[in-house]
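In what follows, chains are A, B, ... by sequence order, proteins preceding strands, each numbered from 1. When reading the values below, keep in mind they use all heavy atoms of this one structure, side chains included, and skip hydrogens, waters and symmetry mates.
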Number of protein chains: 4
Amino acid sequence: MRFFSDNAATVHPRVMEALVEANRQDTAYDGDAWSKRLDEALGDLFGAPVRALWVPTGTAANCLALAALCPPFGGVLCHRDAHVQNDEGGAPEFYTHGAKLILCDGEGAKLTPDTLSATADAIANDVHRVQPRAVTITNATEYGLSYTADQTAAIGDWARARGLGFHVDGARFANAAAFTGADPADLTWRAGADTLTLGLVKTGGMSAECLVFFRTDLADDTLRRRKRAGLLLSKGRFLAAQVLAMVEGDLWRELGARANAGAALLAAAAGDRLIHPVEANELFLRATPNEAAGLRAQGFDFYDWAADEVRLVVSWDQDEAAVRPLADALAAL
Amino acid sequence: MRFFSDNAATVHPRVMEALVEANRQDTAYDGDAWSKRLDEALGDLFGAPVRALWVPTGTAANCLALAALCPPFGGVLCHRDAHVQNDEGGAPEFYTHGAKLILCDGEGAKLTPDTLSATADAIANDVHRVQPRAVTITNATEYGLSYTADQTAAIGDWARARGLGFHVDGARFANAAAFTGADPADLTWRAGADTLTLGLVKTGGMSAECLVFFRTDLADDTLRRRKRAGLLLSKGRFLAAQVLAMVEGDLWRELGARANAGAALLAAAAGDRLIHPVEANELFLRATPNEAAGLRAQGFDFYDWAADEVRLVVSWDQDEAAVRPLADALAAL
Amino acid sequence: MRFFSDNAATVHPRVMEALVEANRQDTAYDGDAWSKRLDEALGDLFGAPVRALWVPTGTAANCLALAALCPPFGGVLCHRDAHVQNDEGGAPEFYTHGAKLILCDGEGAKLTPDTLSATADAIANDVHRVQPRAVTITNATEYGLSYTADQTAAIGDWARARGLGFHVDGARFANAAAFTGADPADLTWRAGADTLTLGLVKTGGMSAECLVFFRTDLADDTLRRRKRAGLLLSKGRFLAAQVLAMVEGDLWRELGARANAGAALLAAAAGDRLIHPVEANELFLRATPNEAAGLRAQGFDFYDWAADEVRLVVSWDQDEAAVRPLADALAAL
Amino acid sequence: MRFFSDNAATVHPRVMEALVEANRQDTAYDGDAWSKRLDEALGDLFGAPVRALWVPTGTAANCLALAALCPPFGGVLCHRDAHVQNDEGGAPEFYTHGAKLILCDGEGAKLTPDTLSATADAIANDVHRVQPRAVTITNATEYGLSYTADQTAAIGDWARARGLGFHVDGARFANAAAFTGADPADLTWRAGADTLTLGLVKTGGMSAECLVFFRTDLADDTLRRRKRAGLLLSKGRFLAAQVLAMVEGDLWRELGARANAGAALLAAAAGDRLIHPVEANELFLRATPNEAAGLRAQGFDFYDWAADEVRLVVSWDQDEAAVRPLADALAAL
């Protein structure tokens with residue numbers, strides 16, 4: 001029973017159907033009808049003019065956004081536990097041509113204006129120090145917390161006041177949107193975000209994430225960067241069709257909510273073992289190696305995260321029946 | 001009737017089935033059973049130990065190979081009409097961190113030891129001039145010519161004698177292999193090639209190309225470069241499964257032969273309009289704007305290539321019935 | 001007798017004195033009185049507001065300028081014999097993070113709007129092709145031709161009409177200014193140039209070139225790029241003092257004229273051996289290997305340039321007496 | 001009275017004389033007699049075969065070394081207060097094409113095998129995490145501590161055991177060598193170091209540092225990187241001559257000792273205000289803003305370093321008479 005990552009989840013049937021449908025057409029690169037509909041579809045979702053690009057990975061989406069917002073000689077403020085810092089194999093440095101990730105603190109991998117200031121204010125404004133040019137947050141965070149609209153806007157205000165770009169890594173944006181119930185616009189452009197990685201793969205897609213530009217002026221150059229990074233698939237319609245299948249009809253949010261529900265069930269069972277509040281589809285629990293081994297012996301598959309700490313992730317394709325056995329096992333620990 | 005690019009072709013049913021099959025499993029990144037079988041499957045195909053990586057585009061495959069073979073301060077010898085030079089939006093420079101493409105001549109975009117020497121011998125060996133470190137050829141070439149095993153080996157010998165790496169861009173390797181009838185080993189490692197982009201998308205795949213390392217020592221670093229380039233899809237099993245669907249059972253070569261057959265049919269009809277011999281699935285024809293307009297009026301879709309020159313490409317999914325009308329139209333010009 | 005390169009010339013006494021003077025002060029990096037005077041001194045020279053930065057090499061100056069004018073995914077139009085293409089070891093690609101040099105033709109390494117258009121018009125405006133973002137010319141050219149003010153302005157107009165940046169590599173700007181007699185403003189910003197490498201080392205300096213920004217908005221970021229490239233010398237006052245010694249009092253132009261005079265003397269002696277008009281301090285002559293050997297046997301040191309072609313360069317420190325013997329030898333060939 | 005930085009010190013007369021001497025010769029780039037003597041002169045100093053390159057800044061020397069030791073996708077372990085991390089404007093990321101600085105702890109900016117292990121052992125060996133490929137230490141450290149030969153060897157052993165490169169940033173190597181009295185070989189190659197930035201500018205030079213390769217196989221590629229970075233001065237003999245003036249006759253070490261002596265005098269006067277032991281030419285003192293203002297009112301020029309903390313630096317050109325007034329003032333605080 002898979003609880004180690006939503007990266008491993010299956011693909012939603014509507015996405016599979018979209019691939020079949022896209023195979024009835026023949027156009028190359030991003031000249032197809034699906035790709036051309038993306039701006040409108042995402043514009044509808046966010047209630048604002050946007051430019052939207054499909055890319056095959058969240059890493060690529062994040063890094064294209066950072067490259068658009070930060071010059072090679074600049075820095076990007078992020079949490080020290082951020083995915084871009086720890087889990088993308090140096091991709092931000094590659095795409096930005098060596099911009100520096102500048103690390104900030106914050107509970108549960110969540111930044112605040114205060115923790116951002118603590119880091120940024122210590123950087124002398126001279127040529128010897130790399131200067132921040134952008135901020136990136138992850139919503140939901142790497143520890144499964146969700147930024148509210150207000151919390152996001154506070155960061156947006158802080159960034160704007162300093163003239164910094166603002167990116168939202170939304171690998172699990174569906175979970176954050178579902179948990180907070182916020183309007184996606186309030187979690188992004190109304191809060192000052194310039195760009196969003198709208199994660200779709202963890203939530204039921206196969207191989208397409210969506211990079212959304214609220215600062216639409218940045219998109220044209222990014223089309224060039226996307227090609228230059230070897231990300232412009234020749235049969236791009238199969239990515240565009242995935243995005244539309246997830247976005248049109250709001251499937252993405254429905255599936256995010258579904259995964260959250262499973263996580264909430266587990267959270268209730270885990271009680272005071274929880275290290276962080278459960279505000280998305282991930283749980284971080286205190287568990288001894290013996291306890292972890294016991295759970296594994298019952299067939300539950302998950303990652304150790306640190307000493308006496310495990311991570312559990314619920315995916316869109318796990319309904320209550322799929323989650324209940326683990327909830328019971330946690331309660332019985 | 002689509003003759004503008006094999007990039008726009010449909011996806012073969014067996015590939016679609018492989019996606020459905022891969023959706024029954026849940027593993028992340030490249031830890032799945034399909035990804036783990038690639039080395040063996042490609043090793044069987046080439047009759048040698050290889051390392052094989054899926055990537056979503058041929059551009060990415062080519063550029064990862066060049067980055068493995070050439071340091072940032074080196075140069076890559078290629079034809080002046082090569083895809084890496086003209087059609088990859090600067091991706092080689094991005095992946096290699098600024099290595100220089102050094103341009104050579106040759107009929108039909110085909111390099112020879114002589115044309116390589118003409119360029120390379122003029123480069124003084126000092127720090128002011130960028131020195132060649134690798135050679136890349138495209139087989140079949142950008143003008144639809146195929147390198148024979150002997151021609152490839154001549155270049156391999158030339159490269160080895162100078163201590164240069166040797167990459168084969170095989171976006172249409174299936175067509176070249178089918179046309180020459182050569183053993184794939186004779187077109188690659190036995191001819192001295194270190195790396196191959198085995199193109200599968202133009203030939204019937206959806207979103208997976210295969211980067212093959214005959215110099216297996218280069219693969220581990222490339223796994224890191226692949227991640228760093230944002231190319232490590234979290235549900236990588238869907239790419240691996242595509243590669244296996246194309247490679248196991250030799251579907252790739254069968255489909256390459258099928259496209260070639262259509263091109264041969266057109267070539268016979270085109271007669272002395274042909275600018276280059278037709279040795280793969282592409283034709284370059286002399287045609288006045290009026291003639292081109294006439295063909296388009298009959299419903300044939302294709303690109304102008306230069307003044308009084310058009311390009312026709314036959315795809316795997318176009319059988320004789322699909323090609324015959326264009327052949328007749330060409331004959332009637 | 002040295003005629004192989006002005007790079008090897010001695011340093012002018014006034015520059016040496018400036019170093020002694022600068023050693024009486026103690027300030028770090030570019031906080032010193034000399035560095036602070038550069039903007040004004042160069043502004044006076046060019047009759048316009050400028051930002052002026054010292055750098056230790058012309059390569060660095062050129063490449064900082066190109067990085068300011070061209071994004072990593074763009075291209076720089078230059079002559080196929082340009083120094084940036086052939087003699088800077090890939091530095092433009094390093095500083096621009098992989099921008100592409102796009103090669104144009106032109107007699108004597110001199111570009112014109114026509115030769116620029118011939119190249120640029122052939123580049124389709126899509127993401128597959130790298131798009132030009134800047135033009136760079138070398139004045140005097142690599143073959144010793146000088147652009148007039150009108151010729152420069154024609155290129156500036158062409159660049160502006162296409163929205164491209166315009167850099168002038170003036171490694172031998174002193175020679176061009178002296179030869180044409182033009183106002184330096186007319187060879188640069190009035191002709192549309194955004195940036196200039198004002199070469200001072202070949203003309204009598206030791207280790208300081210001057211990068212001049214007519215587009216002053218580009219300078220602040222370049223201060224960061226200069227530091228990031230390891231070019232911000234901690235005792236920068238010694239570079240600033242060199243620049244001032246050359247610029248204040250117009251020593252740079254006087255020394256350029258002096259070198260030109262020697263070259264003119266040689267040109268008169270060389271007669272129809274000349275391959276290019278002599279419009280600066282370099283000569284390119286037809287000479288058989290035997291003739292070259294004969295000259296060398298008389299003690300003249302110079303480079304072979306191609307088959308039956310030699311290059312002679314006169315430096316600022318070679319007066320008529322120093323040049324006369326070679327003129328006589330040429331006349332006697 | 002300057003105590004803010006040894007970067008601002010004057011140039012030693014013997015260096016000035018060397019420049020005059022070098023002006024009697026005419027050769028270009030690094031083809032001169034001085035440049036050619038560097039390998040031998042530095043080989044003599046270190047008692048081993050070395051390759052030695054002049055470069056204009058310590059930043060450039062450090063970053064060329066790191067680029068030689070670490071691929072773009074790798075990481076460099078350094079102290080979180082290291083100069084490469086905080087004061088080089090992102091130059092390491094530029095030269096290495098985006099390698100990641102991986103931060104470690106340690107008293108007084110000094111690394112130990114334990115603090116290195118604490119960081120390195122926490123990095124999972126997968127493609128998602130950037131893997132360390134090199135270690136760099138600063139000797140003397142950013143807080144004026146000197147590594148002994150044994151301490152250096154302990155790090156060298158640690159690095160070798162893990163297959164990592166090992167660089168020593170010796171911006172103040174003269175001070176460390178003078179303080180410890182160690183054989184330079186024992187502080188470098190005998191301790192496992194692959195490369196050394198031998199700082200000469202802070203110690204009395206003008207514009208030349210020396211990058212020393214104990215792993216001589218890395219030097220040839222670095223000659224290309226040096227050119228590519230715009231660091232190959234055309235009149236390089238003036239840098240080579242500076243290096244020789246400092247190295248031959250051991251002037252570098254004598255001047256390092258002289259600066260140390262001044263710092264020791266101040267340290268004795270500062271007593272328990274010292275935050276770190278004084279093992280080179282820098283002091284870090286507790287001082288209230290009032291106390292700092294009082295010192296400045298007496299004409300002493302220095303930097304605040306943190307709240308209630310100031311930094312004092314003694315330079316080679318400050319003898320006891322120059323330092324005594326500040327010592328007295330400190331004692332009188």
Side-chain angles (χ1 to χ4, degrees), chain C residues 2 4-11 13 15-16 19-20 22-29 31-32 55-64 88-95 97 171 201-202 205-208 223-239 301 315 317, chain D residues 2 4-11 13 15-16 19-20 22-29 31-32 55-64 88-95 97 171 201-202 205-208 223-239 301 315 317:
Chain C
R2 173 216 339 132
F4 61 91
S5 178
D6 38 6
N7 273 330
T10 58
V11 174
V15 172
M16 297 300 284
L19 297 178
V20 172
N23 202 21
R24 301 215 173 88
Q25 298 287 326
D26 47 7
T27 33
Y29 298 109
D32 59 279
V55 286
T57 67
T59 295
N62 285 335
C63 295
L64 286 172
E88 297 189 343
E93 289 86 352
F94 181 49
Y95 276 77
H97 301 289
V201 172
K202 292 185 204 300
M206 178 189 284
S207 59
L223 291 175
R224 297 192 178 281
R225 290 187 196 268
R226 178 176 69 172
K227 170 66 193 179
R228 192 176 189 239
L231 300 169
L232 183 64
L233 281 81
S234 55
K235 298 181 180 173
R237 63 191 189 271
F238 291 99
L239 275 71
D301 195 358
S315 302
D317 55 4
Chain D
R2 173 218 336 132
F4 61 90
S5 180
D6 39 5
N7 272 332
T10 57
V11 174
V15 172
M16 297 300 285
L19 297 177
V20 172
N23 202 23
R24 301 214 172 88
Q25 298 288 326
D26 48 7
T27 34
Y29 298 107
D32 58 279
V55 285
T57 68
T59 294
N62 284 335
C63 295
L64 286 172
E88 297 189 342
E93 289 86 353
F94 181 49
Y95 276 78
H97 301 290
V201 173
K202 293 183 204 298
M206 177 188 286
S207 60
L223 291 175
R224 297 193 177 279
R225 290 187 195 267
R226 180 174 69 170
K227 172 66 194 179
R228 192 175 188 239
L231 300 169
L232 183 65
L233 281 81
S234 55
K235 297 182 180 174
R237 63 192 189 271
F238 291 100
L239 275 70
D301 195 0
S315 301
D317 55 4

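Highest contact tally toward chain D, considering only Ser207(C), Gly90(C), Ala60(C), is held by Gly90(C) [criterion: heavy-atom pairs under 4.5 Å]. Comparing Gly205(D), Ala61(D), Ala91(D), Pro92(D) by heavy-atom pairs within less than 4.5 Å of chain C, the highest count is held by Ala91(D). Note: Asn23(D) leads Thr59(D), Asn23(D), Thr57(D) in heavy-atom pairs under 4.5 Å with chain C. Ranked by non-hydrogen atom pairs under 4.5 Å with chain D, the options Pro56(C), Ser5(C), Ala229(C), Gly31(C) are led by Ala229(C). Annotation: maximal heavy-atom pairing with chain D below 4.5 Å, among Val55(C), Leu19(C), Asn7(C), occurs at Asn7(C).
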Verify side-chain contact (heavy atoms from CB on, under 4.5 Å) between Arg237(D) and Thr27(D), making sure each step is shown before the conclusion.
CA-CA 8 Å; Arg237(D) 63 192 189 271; Thr27(D) 34; 4.0 Å; yes
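Note: Leu231(C) CG to Leu223(C) CG = 11.5 Å, rounded to the nearest 0.5 Å.
With a threshold of 4.5 angstrom between heavy atoms, Arg225(C) does not approach chain D through any atom at all. Looking at Asp6(C), only its backbone comes within 4.5 Å of chain D, counting heavy atoms on both sides. Both the backbone and the side chain of Met206(C) come within contact range of chain D, with heavy atoms under 4.5 Å apart.
Checked against ring-ring contact (aromatic ring centres under 6.0 Å, His included), Phe94(C) has the following partners two or more places apart in sequence or in another chain: Phe94(D), Tyr95(D), His97(D). By the side-chain hydrogen bond (donor to acceptor under 3.5 Å, both in side chains) test, Arg226(C) is found to be paired with Asp30(C), residues two or more places apart in sequence or in another chain being considered.
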